[in-house]
Novice: 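The structure that follows is given in the form of structure tokens.
These figures come from a predicted structure and were not determined experimentally.
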Amino acid sequence: MATATSNMHVAIAKPFTFASCEVSKPSVAVFSSGIKEAPWMKLKSSCHISSTHVISQKLTTNTLKFNRIVTKAMSESNDTKPLPGLPVDLRGKRAFIAGIADDNGYGWAIAKSLAAAGAEILVGTWVPALNIFETSLRRGKFDESRVLPDGSLMEITKVYPLDAVYDCPEDVPEDVKANKRYAGSSKWTVKEVAESVKEDFGTIDILVHSLANGPEVSKPLLETSRYGYLAAISASSYSYVSLLQHFIPIMNPGGASISLTYIASERIIPGYGGGMSSAKAALESDTKVLAFEAGRKHRVRVNTISAGPLRSRAAKAIGFIDMMIDYSSENAPLMKELSAEEVGNAAAFLASPLASAITGTVLYVDNGLNAMGVGVDSPVFKDLNIPRDNNKS
């Protein structure tokens with residue numbers, strides 16, 4: 001299923017306490033240290049797991065804990081008034097984020113950052129998780145993590161049932177149609193969801209693919225079945241092709257599409273099996289081809305974010321997320337734990353006019369871990385003078 005947990009992209013959701021300030025909507029994310037009293041606005045966290053390395057040695061971590069990065073959003077009563085600084089301004093834009101099923105993954109973080117910049121948020125949620133997600137949203141269980149930088153709550157305009165493994169109703173097997181987890185939901189294939197969004201809203205400007213699944217992710221590639229391998233490719237990479245194929249006719253020119261990948265696409269990550277590394281490699285290759293085709297035909301940009309390891313419910317289910325985070329903290333150039341907001345803010349930038357010339361790109365948001373050729377915490381390097389910051393916040 002398209003949004004199941006073995007997606008290996010992890011997020012951590014930690015509640016913030018924001019200074020209260022009175023604001024009038026809409027808001028715009030402004031990355032400027034010179035603005036001292038600008039009201040703050042929208043932000044969130046989401047689901048996608050990035051695994052790093054299963055390591056057996058004990059790590060003595062002197063990791064520098066940086067303050068969490070927050071998107072500062074500026075509200076203006078006049079939507080047309082020029083903004084100071086260099087704003088990430090998504091006012092008047094509409095985003096569809098596929099793959100949000102709770103409040104602590106990458107998809108959620110991206111939704112919050114897009115909302116902080118002024119975008120309207122639509123969500124596609126895996127059908128079996130839809131009822132729990134909508135109930136939690138309605139009962140206020142997500143209210144703490146819905147808080148935006150101005151103290152208001154992020155609004156999700158509409159939640160659509162979605163299973164991105166199926167392109168159209170004719171593709172759905174009878175056993176899935178009869179499955180009680182799908183009872184009560186309709187129009188949840190990719191084609192039907194795109195048609196529903198068109199009927200409800202006409203167009204969108206931003207498309208986010210935040211879903212992946214490998215049913216045999218815990219198996220080494222040599223032990224992966226054909227079914228498991230193809231299922232990983234279908235849910236984790238072709239689903240993006242399908243989403244863009246069906247949504248691009250309703251995307252406004254100048255729009256942006258973003259997916260989430262992981263460095264296992266190009267490096268060996270033990271434990272990230274079942275064809276998931278192959279699926280991420282396919283996703284990155286497809287990003288380049290889709291950027292060419294979508295750019296030429298529709299003036300839509302296509303990029304992917306290679307995110308580092310973060311904690312989420314999905315990641316914890318895999319079993320070694322803590323070791324992955326420890327490994328990253330010890331070996332990345334920036335010795336700190338990655339936050340979901342940092343990934344969300346990168347997505348907001350890629351979706352904004354500030355990135356108008358960026359397409360076909362893999363953007364690494366992993367504290368620089370992708371640049372490393374060796375693990376510097378290895379005893380092999382114990383006699384080398386390895387730079388590190390031993391300060392603790």
Novice: Among Val165, Asp167, Leu243, find the one that has a side chain to side chain contact (heavy atoms under 4.5 Å, CB included) with Tyr238.
Specialist: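 Among the candidates, only Asp167 passes.
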Novice: Can you name the nearest heavy-atom pair linking Glu337 to Glu342, along with the distance?
Specialist: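 Here Glu337 and Glu342 meet closest at O-OE1, 4.2 Å.
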Novice: Please name all residues satisfying salt bridge (Lys or Arg N to Asp or Glu O under 4.0 Å) with Asp171, sequence neighbours left out, ordered by chain then number.
Specialist: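 Here no residue qualifies.
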Novice: Can you list the other members of the hydrophobic cluster that holds Val362, where links are side-chain heavy atoms under 4.5 angstrom apart?
Specialist: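 Val362 clusters with Tyr364.
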Novice: Under a plain distance cut-off of 3.5 Å, with no hydrogens placed, do Ser196 and Glu199 share a side-chain donor-acceptor pair?
Specialist: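 No, because no side-chain N or O of Glu199 sits under 3.5 Å from a partner of the opposite role on Ser196.
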Novice: Side chains of Asp200 and Val197, heavy atoms from C-beta outward: is any pair under 4.5 Å?
Specialist: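 Result no, sub-4.5 Å side-chain heavy-atom pair not found.
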Novice: Can you give me the closest heavy-atom contact between Ala348 and Val88, atom names plus distance?
Specialist: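 So the two residues come closest at O-CG1, 3.6 Å.
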Novice: Not counting sequence neighbours, which residues clear side-chain hydrogen bond (donor to acceptor under 3.5 Å, both in side chains) with Ser136? List them please.
Specialist: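 Applying side-chain hydrogen bond (donor to acceptor under 3.5 Å, both in side chains) to Ser136 gives none.
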Novice: Under the side-chain contact (heavy atoms from CB on, under 4.5 Å) rule, collect the residues that match up with Leu130, sequence neighbours excluded.
Specialist: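 Per chain and number, Leu130 pairs via side-chain contact (heavy atoms from CB on, under 4.5 Å) with Thr125, Glu134, Val159, Pro161, Ser185.
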Novice: Is there a side-chain contact between Ile258 and Leu207 in this structure, where contact means two heavy atoms from C-beta onward sitting under 4.5 Å apart?
Specialist: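 A side-chain contact under 4.5 Å is absent here.
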Novice: Decide yes or no on side-chain hydrogen bond (donor to acceptor under 3.5 Å, both in side chains) for Asp377 and Tyr327, but give the supporting numbers first.
Specialist: CA-CA 8 Å; Asp377 62 337; Tyr327 180 86; 5.4 Å; no
Novice: Apply side-chain hydrogen bond (donor to acceptor under 3.5 Å, both in side chains) to the pair Tyr240 and Thr304, showing each step before the final yes or no.
Specialist: CA-CA 11 Å; Tyr240 186 41; Thr304 188; over 6 Å; no
Novice: For Phe381, I'd like to know if atom CZ has over 12 heavy atoms of other residues, nucleotides or ligands within 6.0 Å.
Specialist: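 Yes.
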Novice: Let me confirm one number: the CE-CG distance from Met154 to Asp143, rounded to the nearest 0.5 Å.
Specialist: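 The distance works out to 10.5 Å.
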Novice: Go through it in stages, so that I can follow the logic: the residues are Leu153 and Leu148, the test is side-chain contact (heavy atoms from CB on, under 4.5 Å), and I'd like the CA-CA distance, side-chain angles, deciding distance and then a yes or no.
Specialist: CA-CA 6 Å; Leu153 300 182; Leu148 299 172; over 6 Å; no
Novice: Carefully, step by step, assess Val176 and Tyr182 under the rule side-chain contact (heavy atoms from CB on, under 4.5 Å).
Specialist: CA-CA 7 Å; Val176 174; Tyr182 287 76; 3.9 Å; yes
Novice: Run the side-chain hydrogen bond (donor to acceptor under 3.5 Å, both in side chains) test against Ser237 and tell me which residues pass, sequence neighbours left out.
Specialist: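 In terms of side-chain hydrogen bond (donor to acceptor under 3.5 Å, both in side chains), with neighbours along the sequence ignored, Ser237 is linked to no residue.
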Novice: Hey, does Pro169 have a side-chain heavy atom less than 4.5 Å from the side chain of Glu192?
Specialist: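 A side-chain contact under 4.5 Å exists here.
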Novice: If the condition is side-chain hydrogen bond (donor to acceptor under 3.5 Å, both in side chains), which residues does Ser186 pass it with, not counting sequence neighbours?
Specialist: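 In terms of side-chain hydrogen bond (donor to acceptor under 3.5 Å, both in side chains), with neighbours along the sequence ignored, Ser186 is linked to no residue.
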Novice: Could you go step by step and tell me if Leu90 and Ile206 meet the side-chain contact (heavy atoms from CB on, under 4.5 Å) rule?
Specialist: CA-CA 10 Å; Leu90 297 176; Ile206 302 161; 4.2 Å; yes
Novice: At their closest point, which heavy atom of Val343 faces which heavy atom of Ile110, and how far apart are they?
Specialist: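 So the two residues come closest at O-CG1, 4.5 Å.
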Novice: I'd like to check Asp89 versus Pro353 (side-chain heavy atoms, cut-off strictly below 4.5 Å). Are they in contact?
Specialist: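 Answer no - side chains too far apart.
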Novice: Could you walk me through whether Phe247 and Ile204 satisfy the side-chain contact (heavy atoms from CB on, under 4.5 Å) test, starting with their C-alpha distance in whole Å, then the side-chain angles of each, then the deciding distance to 0.1 Å, before giving a yes or no?
Specialist: CA-CA 8 Å; Phe247 273 86; Ile204 65 170; 3.7 Å; yes
Novice: State, to 0.1 Å, how close Val365 and Ala346 come at their nearest heavy-atom pair, and which atoms those are.
Specialist: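 Scanning both residues, the minimum pair turns out to be CG2-CB, 3.7 Å.
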Novice: Tell me every residue that passes side-chain contact (heavy atoms from CB on, under 4.5 Å) with Lys177, counting only those two or more places apart in sequence or in another chain.
Specialist: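 Checked Lys177 against side-chain contact (heavy atoms from CB on, under 4.5 Å); matches are Val172, Glu174.
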Novice: I need the minimum non-hydrogen distance between Leu354 and Phe349, along with the two atoms involved.
Specialist: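 Of all heavy-atom pairs spanning Leu354 and Phe349, the closest is CB-CE1, 3.8 Å.
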Novice: Which atom pairs, one a donor and one an acceptor, fall under 3.5 Å between side chains of residues 287-297 and the rest of the protein, sequence neighbours left out?
Specialist:
{"residue": "Thr287", "atom": "OG1", "partner": "Leu283", "partner atom": "O", "Å": "2.8"}

Novice: Under a 4.5 Å cut-off applied to non-hydrogen side-chain atoms, are Trp188 and Val127 in contact?
Specialist: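 Of all side-chain heavy-atom pairs linking Val127 with Trp188, at least one is under 4.5 Å.
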Novice: Taking Ser285 for its side chain and Ala281 for its backbone only, find out whether a donor-acceptor pair lies under 3.5 Å.
Specialist: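 Flag not set: sc Ser285 to bb Ala281 has no pair under 3.5 Å.
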Novice: With sequence neighbours excluded, what pairs up with Lys219 under the side-chain hydrogen bond (donor to acceptor under 3.5 Å, both in side chains) test?
Specialist: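 side-chain hydrogen bond (donor to acceptor under 3.5 Å, both in side chains) check on Lys219 returns nothing, list empty.
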Novice: The criterion is side-chain contact (heavy atoms from CB on, under 4.5 Å); which residues satisfy it with Thr203, sequence neighbours excluded?
Specialist: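 Thr203: side-chain contact (heavy atoms from CB on, under 4.5 Å) contacts with Arg94, Asn252.
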Novice: With no hydrogens and no angle check, is any side-chain donor or acceptor of Asn303 less than 3.5 Å from a backbone partner on Ile358?
Specialist: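 Checking the backbone N and O of Ile358 against the side chain of Asn303, a donor-acceptor pair under 3.5 Å is found.
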Novice: May I ask you to decide if the ring planes of Phe133 and Phe142 are parallel, tilted or perpendicular, using 30° and 60° as cut-offs?
Specialist: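 Phe133 and Phe142: tilted rings.
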Novice: Between Lys280 (side chain only) and Leu260 (backbone N and O only), is there a donor and an acceptor less than 3.5 Å apart?
Specialist: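 Yes; at least one donor-acceptor contact below 3.5 Å.
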Novice: Can you measure from OG1 (Thr261) to CD1 (Ile305) and round to the nearest 0.5 angstrom?
Specialist: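 So the OG1 of Thr261 and the CD1 of Ile305 are separated by 10.5 Å.
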Novice: Distance from Ser277 atom OG to Ile268 atom CD1, nearest 0.5 Å?
Specialist: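 The distance works out to 9.0 Å.
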Novice: Quick one: name the residues clustered hydrophobically with Leu221, using the 4.5 Å side-chain heavy-atom rule over I, L, V, M, F, W, Y, and just say none if it's on its own.
Specialist: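 The other cluster members (ILVMFWY side chains, heavy atoms under 4.5 Å, direct or chained) are Tyr229, Leu230, Ile233.
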Novice: Less than 4.5 Å apart, side chain to side chain, heavy atoms only: is that true for Val302 and Asp286?
Specialist: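 Not in contact.
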Novice: Between Tyr160 and Phe201, what is the ring plane arrangement, given parallel below 30°, perpendicular above 60°, and tilted in between?
Specialist: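 Plane angle over 60°, so perpendicular.
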Novice: Under 4.5 Å between any side-chain heavy atoms of Leu122 and Ile156, yes or no?
Specialist: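 Result no, sub-4.5 Å side-chain heavy-atom pair not found.
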Novice: Rounded at 0.5 Å granularity, tell me how far OG in Ser265 sits from OH in Tyr272.
Specialist: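 Between Ser265 OG and Tyr272 OH, I get 8.5 Å after rounding to 0.5 Å.
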Novice: Can you measure from CZ (Arg301) to OG (Ser356) and round to the nearest 0.5 angstrom?
Specialist: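 Answer rounded to 0.5 Å: 6.5 Å.
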Novice: Hey, are Glu216 and Thr224 close enough side-chain-wise for a donor-acceptor pair under 3.5 Å?
Specialist: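 Glu216 and Thr224 do not have a side-chain donor-acceptor pair below 3.5 Å.
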Novice: Are Tyr227 and Met276 grouped together when hydrophobic residues (ILVMFWY) are joined by side-chain heavy atoms under 4.5 angstrom apart?
Specialist: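 Tyr227 and Met276: separate clusters.
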Novice: Mind listing the closest non-hydrogen atom pair of Ala256 and Met251 along with its distance?
Specialist: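 Smallest heavy-atom distance, with atoms named: O-CE, 3.5 Å.
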Novice: Inspect the contact between Arg146 and Asp103 and indicate whether a charged nitrogen and a carboxylate oxygen are less than 4.0 angstrom apart.
Specialist: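 Here Asp103 does not pair with Arg146 in a salt bridge, since their nearest N and O are not under 4.0 Å apart.
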Novice: Are side-chain heavy atoms of Val376 and Met372 found at a separation under 4.5 Å?
Specialist: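 In contact.
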Novice: For the atom pair OG1 (Thr189) and CG (Asp163), what is the distance rounded to the nearest 0.5 Å?
Specialist: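 Spacing of OG1 (Thr189) from CG (Asp163) equals 9.0 Å.
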Novice: Under the rule for side-chain contact (heavy atoms from CB on, under 4.5 Å), what residues qualify as partners of Pro387, not counting sequence neighbours?
Specialist: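 Partners of Pro387 by the side-chain contact (heavy atoms from CB on, under 4.5 Å) criterion come out as none, since no residue qualifies.
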Novice: Would you say the side-chain atoms of Asn367 pair up with the backbone N or O of Ala332, donor to acceptor, closer than 3.5 Å?
Specialist: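 Checking the backbone N and O of Ala332 against the side chain of Asn367, no donor-acceptor pair under 3.5 Å is found.
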Novice: Regarding Ser239 and His209, do their side chains bring together a donor and an acceptor under 3.5 Å, going by distance alone?
Specialist: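 Distance-only check passes for Ser239 and His209.
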Novice: So, does Ser328 use its side chain to make a donor-acceptor pair with the main chain of Met324 at under 3.5 Å?
Specialist: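 Answer holds: no.
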